[in-house]
Amino acid sequence: VQLVESGGDLVHTGGSLRLSCAAPRYTLEDYAVAWFRQVPGKERERVSCISGTAGQTFYVEAVKGRFTMTSDLTKNTEDLIYLEMTNLREDDTARYYCAVTELSCTFGFHASDMDYWGNGTEVTVSS
């Protein structure tokens, strides 16, 4: 499963960004899709997860109320999974990755459970 992230940018504190993850068509029928982020020298950390075509979403506490994960399954050739990020803070600065797993998000969407990863997109939040 090839995943391609886009949308990363340099933004000011309090700003917003929308990240996109392009996945092959029907990916969400077989996989849950999760977003992770990583800064140099630290472990990759969970951000959010969306389960299946019903679109049930899960968020870690640090991003609840600020980040929203959605999907667009109307395209003919790909599934698009978005991460809408608002009220960005400097500690949101990281490389953001999308990944897929055959497990439901309810299993905790740990990095070790992911089956496929994208290459990431860089988000920098600066005051």
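Values below: every heavy atom of this structure, side chains too, minus hydrogens, waters and symmetry copies. Count residues from 1 along the sequence.
- In this structure, Phe36 has its ring center closer than 6.0 angstrom to the ring center of Trp117.
- A donor and an acceptor atom, one from each side chain of Ser127 and Glu90, are located under 3.5 Å apart.
- Note that the OG1 atom of Thr57 and the CE atom of Met69 stand 8.5 Å from one another [nearest 0.5 Å].
- In this structure, the side chain of Glu5 engages the main chain of Cys98 through a donor-acceptor pair within 3.5 Å.
- Residues Leu28 and Ser71 share a closest heavy-atom pair of CD1-CB, 3.6 Å.
- Inter-residue side-chain proximity for Leu3 and Ile81 is flagged as unmet; no heavy-atom pair is nearer than 4.5 Å.
- To the nearest 0.5 Å, atoms SG (Cys105) and CZ (Arg46) are separated by 10.5 Å.
- Tyr82 and Trp35 fall into different hydrophobic clusters, where Ile, Leu, Val, Met, Phe, Trp and Tyr are joined by side-chain heavy atoms under 4.5 Å apart, directly or via other members.
- With values rounded to the nearest 0.5 angstrom, Leu17 atom CG is found 9.0 Å from Phe67 atom CZ.
- Tyr59 and Met114 fall within a single hydrophobic cluster, where Ile, Leu, Val, Met, Phe, Trp and Tyr are joined by side-chain heavy atoms under 4.5 Å apart, directly or via other members.
- Across every non-hydrogen atom of Glu78 and Ala22, the tightest pair is OE1-CB, 3.6 Å.
- Checked against Thr93 for a side chain to side chain contact (heavy atoms under 4.5 Å, CB included), the options Val123, Val125, Leu88 give a single hit: Val125.
- The closest donor-acceptor contact from the side chain of Asp115 to the backbone of Glu102 lies under 3.5 Å.
- Between atom OH of residue Tyr97 and atom CD of residue Gln38 there is a gap of 5.5 Å, rounded to the nearest 0.5 Å.
- Put simply, the side chain of Arg95 gets close to the backbone of Asn119: a donor and an acceptor are under 3.5 Å apart.
- The CZ atom of Phe58 sits 11.0 Å away from the OG atom of Ser48 when rounded to the nearest 0.5 Å.
- Residue pairs meeting the side-chain hydrogen bond (donor to acceptor under 3.5 Å, both in side chains) criterion with at least one member in residues 9-31, sequence neighbours excluded: Arg25-Asp79.
- Counting only heavy atoms from C-beta outward, the side chains of Phe109 and Thr101 never approach each other to under 4.5 Å.
- Using a 4.5 Å heavy-atom threshold, the side chains of Leu80 and Lys75 count as touching.
- Here the straight-line distance linking atom OG of Ser51 with atom CG of Leu103 works out to 9.5 Å at 0.5 Å rounding.
- Using a 4.5 Å cut-off on side-chain heavy atoms (C-beta onward), Val63 and Arg37 make contact.
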Exercise for the section: Kindly indicate, with the supporting measurements, whether the criterion side chain to side chain contact (heavy atoms under 4.5 Å, CB included) is fulfilled by Ser126 and Leu10. Expected result: CA-CA 7 Å; Ser126 174; Leu10 169 63; 4.1 Å; yes
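- For the side chain to side chain contact (heavy atoms under 4.5 Å, CB included) criterion with Met85, the lone passing option out of Thr68, Leu19, Asp92 is Leu19.
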